[in-house]
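Basis for what follows: all heavy atoms, side chains included, without hydrogens, waters or symmetry-related copies. All values derive from a computational prediction rather than experimental measurement. Labels below follow one simple rule: chain letters A, B, ... track the order of the sequence lines, proteins then strands, and each chain is numbered from 1.
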Amino acid sequence: MTNLKYRLLLIVGLMVASVWALWPRTVIERVKRDGVFVYDTIHRVPLKKGLDLVGGMYLALEVDESKGAVANKQDALDRALKVVRTRIDEFGVSEPVVQKVGNDRIIVELPGIDDPERAQQVVQKSAFLQFMITDESNALERALPRLDEIAKNAGGATAVATGDTAKRSQSGLEKLLTKDTTSRVADSAKADSNPVIPPTGGTISSLLQRGDMPGEYYVTQENTPQLEHYLSLPAVQAAMPPGKTIKWGADTISLGGRVYRTIYVLDARSILDGQWIQDANPNNTPIDGTVVEFQLNNEGGRRFRTETAKHIQDYMAIVLDDRVMGRPPIIQSAIGTRGQITLGRRDLQVAQDLALVLRAGALPVPLKITEIRNIGASLGEDSIRRGTNAMIFAVLAVVVIMIGYYRFSGMLAVGALILFVLYTLAVLAGFGGVLTLPGLAGLVLSVGMAVDANVLIFERIREELDRGKTVRTSIDEGFHHALTAIVDTSITTILTAAVLYQYGTGAVRGFAVTLIAGISASLFAAVFVTRTFYLVWLSRTRGAQTLSI
Amino acid sequence: MYRILHGTNFDFIKWWRHAAVLTIAFILVGLGSFIFKGGVNYSIEFTGGTLVQVRFTQPPDPAELRAAIGQAEITQFGDATEYTLRLQGSQEIAQQATAAEGVAREVEAKLRAKYGDGFTIVRTEAVGPKVGAELARGAVIAMLLASLVTLVYLAFRFEWRFGLSAVLSTAHDVLITLAFIKLFHIEVSLTVVAAILTLLGYSGNDTIIIFDRVRENLKKARKEPLYDTLNRSINETLPRSILTHVTTLTATVTLLIFAGEVLRPFSLVMTFGIFIATFSSIYVASPILLYIERKFPRKDLAGRGPHVSASTARAESTAESDSPPRPVRGSKAPAGR
């Protein structure tokens, strides 16, 4: 009798714990209100839904080695993970997931996001900030004759590529060269989705126009692809003035009705980079338009002051991810800890995002996206509705079958089944499991399978009754004999699910977790709970002669 | 007390030859289709590429849609207003998922030009090719590892003969399910892989329950030939097999009807697999066990004395005098590969 009391106590205890685990609770969470994310207290069931149910964005990122190998990939990825996490935390999504999967991948899950493009930008932007002094030695002009020479040779190749038949008669060696450059021209043309203009002068100097400040040049918008092509030639790069570097400006400018791009020749050594940034904020100013104001920390400020003091009256370019932001300002006097990045006519949101990534720091390595998924919120709602329907119908069908076939005992099994569903959901909530669409399927499936244990036991009890044993003995024997098979089947399925968890990703993992939770709960519900129900029944009807089974 | 198939005494194993022919034929047709008609219909998770799911307000004309999009694999998804557009992308585009995401935007622009605001994009997926290759490898490893783990566990719980028979019959289930997937052009996505892996576990279940009974019956009636013990055990567990399959099939069929298009491949594979699991526990696992038993007669079954070897000897003699269902070499075929 005391044994029975403990059994009941355990069942009720677990029931209470399960209900408590699933009870809607008040949590502080970032939620979306009128298009902005704010912290708020909301009331909800603590069962996390996967991306495929709520809608949102999934990104898988890897180290991009297309522009050169990365030395210490592991370490770089760990640092990148930290940066991405900081950026996402500040980006404002409720319950984002940023984690490392395997050895070489970062996954980012952003539930309920409606501007995937912007999110992608925030995650992927390198945000490598540099301060560089523009060249004052006319280094490029001095190198230009040599560069023109190289460009001229390559120019012939370009002409062939664009179909100039007059230049077809070439020596074998040239043809060989031509073939190589032709493909490259084709590549750059595709990349810019802009046909390469056949060179008229065929030289770099003819494309460039001097700008207003030392080291600044203008290129017309139309000539930009061609210049980019020349600059990408290895021979041209080798002939560049040493110690200098060439960067494109981020903006276009209009002069006399024509649109120009700017290009800057800079000292290759930067005087400071973005690692010293302490804070950055977007702002709107009447003169410069949208800006990001940043503040350096003490160490950075000290370095900046020393460096700028050396370069008074020079122009300083602010280079972000290899693009010169705004027009380089002149250094009037030594600059301390404050500065600003000019963004011109761009949206304030661009400034917000830039400030965000500057605060979070630069990515230590470039990242490429290997997988991207967007799931609309409406599709998620559909999935939930359908999954719930399937669940309800499956449970109803199983209830009908069990009660129809096993009568009274079937009702006990149904009681256990209800507890099974409750326990399963509670285990999921308790272990922070995520409910995905395949997970829901797993749950429906486990409802079907959960009664298997009960069926085994009931069939066994029937056999024992057939042999003329008493009700009490039959029940005891039935449970006893069925147990080995039940345990064996449960353990093999759990082992399989564990393997699935180990090798699966995302939604499949959710499926494995639900399966494991389901099987554990079913083991308990069928074996322990049903047994207890029988014990209660036996103690109530002493000397029961028949059993409805 | 309702009873279905109670106290039956069918000679199930007698039919193993017919069953073997059927199942081998099915697997061979599947294999043939795989070889001659090209590979399996993999989802973009494995092949890489872009998938755009569009929901229209008005059912569009498929031909018009095709014309508007150009090169894409267009499939109706559920009802007439919903379509998936699958674009493989050239080699160049497939280099990076970012580019594939660009493909999705291009599709949206084309649709916008044709249908205005008459549609919403409910889902886009873009996967780089490298991820797919990794997933495929992961799935194969998972399958092999799951089999190995099951084998070890069963060998530990029963005996290696039982373990081996169970694992071979599970292997058969996986093979025939793959043939089913191929023959019915089911798209292989990660969830389908999950279904196959679940079947690994489930298929073992049925075999274990019959073998558990065999284990028990062997203890009770040592004089009985294994052939008869197997048959008796199958008959005794028959009501359970039927009932459990009814409930489980109810669940999968419910999913098939209610859970919508996304889970359809999963539900189909599950339904077929559950059906096959019952079949194989009777017609694959049992003949294999008999075959192993004949090849490697046990000297000692779980510490029981000379009686067992006697029973094995009798099993053999019965087989020779009885009707032919002695699982000879051929019995290995249904699961051997």
Side-chain angles (χ1 to χ4, degrees), chain A residues 60 120 190 368-376 378-379 382-383 386-387 389-390 393-394 397-398 401-402 404-405 407 437-438 440-442 444-445 447-449 451-452 455-456 459 462-463 481 484-485 488-489 491-493 495-497 499-500 502-505 507-508 511-512 515 548-549, chain B residues 1-2 53 96-98 100-101 120-128 130-131 135 138-139 141-142 145-146 149-150 153-154 157 190-191 193-194 197-198 200-202 204-205 208-209 212-213 216 236-237 239-240 243-244 246-252 254-255 258-260 262-263 266-267 270:
Chain A
Q120 195 182 323
K190 216 171 271 178
K368 66 173 177 198
I369 294 176
T370 52
E371 199 179 342
I372 184 165
R373 287 157 200 272
N374 288 309
I375 297 125
S378 62
L379 192 70
D382 257 22
S383 299
R386 287 184 166 148
N389 279 350
F393 191 84
V398 170
I401 293 170
M402 289 302 278
Y405 193 65
R407 300 301 162 98
L437 189 57
L440 269 178
V444 173
L445 202 62
V447 166
M449 289 181 176
V451 291
D452 183 34
V455 170
L456 269 171
E459 287 301 324
R462 282 177 167 196
E463 278 177 44
H481 285 298
T484 49
D488 284 344
T489 53
I491 288 180
T492 43
T493 315
L495 287 175
T496 315
V499 171
L500 204 56
Q502 192 59 39
Y503 286 92
T505 48
V508 174
F511 175 79
L515 206 60
S548 166
I549 189 164
Chain B
M1 203 187 297
Y2 284 127
Q53 189 179 334
Q96 267 220 16
T98 336
E101 171 74 1
T120 37
I121 289 182
V122 287
R123 176 167 65 123
T124 61
E125 287 179 17
V127 186
K130 196 182 153 211
V131 180
L135 280 178
I141 291 177
L145 205 64
V149 165
T150 315
Y153 179 77
L154 290 182
R157 284 287 298 169
L190 268 186
T191 25
V193 171
L197 289 170
T198 314
L200 272 180
Y202 187 83
N205 276 9
I208 289 167
I209 282 163
D212 178 73
R213 191 53 78 99
E216 193 187 322
E236 280 173 4
T237 51
R240 172 265 157 194
L243 207 66
T244 300
V246 169
T247 56
T248 319
L249 279 176
T250 307
T252 56
T254 308
L255 282 176
F258 289 98
V262 181
L263 282 180
F266 173 89
S267 319
M270 252 355 252

Discussion item. My understanding is that only residues two or more places apart in sequence, or in another chain, count here; which of them pass side-chain hydrogen bond (donor to acceptor under 3.5 Å, both in side chains) with A:Arg386?
Written reply: none
Fill in: Under-4.0 Å salt bridge between B:Arg213 and A:Glu459
no
Fill in: pair A:Thr489-B:Ile209: side-chain heavy atoms closer than 4.5 Å
yes
Discussion item. Counting only non-hydrogen atoms closer than 4.5 Å, does A:Leu515 touch chain B with its backbone (N, CA, C, O), its side chain (CB onward), both, or neither?
Written reply: side chain
Discussion item. Counting only non-hydrogen atoms closer than 4.5 Å, does A:Leu456 touch chain B with its backbone (N, CA, C, O), its side chain (CB onward), both, or neither?
Written reply: both
Discussion item. I need the A:Leu379 CG to A:Asn374 CG distance, nearest 0.5 Å.
Written reply: 11.5 Å
Worksheet item: Is it the side chain or the backbone of A:Val451 that comes within 4.5 Å of chain B heavy atoms, both, or neither?
Response: side chain
Discussion item. Is B:Val262 in contact with chain A via its backbone, its side chain, both, or neither, using a 4.5 Å heavy-atom distance?
Written reply: side chain
Worksheet item: Given the options B:Leu145, B:Leu249, B:Val193, which has more heavy-atom pairs under 4.5 Å with chain A than any of the others?
Response: B:Leu145
Worksheet entry | Winner by heavy-atom pair count (cut-off under 4.5 Å) against chain B, out of A:Ala394, A:Ala60, A:Ser383 | A:Ala394
Worksheet entry | Option that, when pairs with chain B are counted at under 4.5 Å, heavy atom only, ranks first among A:Asp382, A:Asp488, A:Val455 | A:Asp488
Worksheet item: Which one, B:Glu236, B:Gln53, B:Glu216, leads in non-hydrogen pairs under 4.5 Å with chain A?
Response: B:Glu216
Worksheet entry | chain B contacts, top residue of A:Ala397, A:Ala441, A:Gly387 (heavy-atom pairs, under 4.5 Å) | A:Ala441
Worksheet, complete the sentence: Of the listed A:Thr492, A:Asp452, A:Thr493, A:Leu495, the one with the largest count of heavy-atom pairs under 4.5 Å with chain B is A:Asp452
Worksheet item: What part of B:Leu154 gets closer than 4.5 Å to chain A, counting heavy atoms only: side chain, backbone, both or neither?
Response: side chain
Fill in: Heavy-atom side-chain contact between A:Gln120 and A:Ile369 under 4.5 Å
yes
Worksheet, complete the sentence: Residues at least two apart in sequence or cross-chain that pass side-chain hydrogen bond (donor to acceptor under 3.5 Å, both in side chains) with B:Thr237, listed by chain then number, are none
Worksheet entry | B:Phe258, CZ: over 12 other non-hydrogen atoms inside 6.0 angstrom | yes
Worksheet item: Quick one: CG on B:Leu255 to CG on A:Asn389, what's the gap to the nearest 0.5 Å?
Response: 11.5 Å
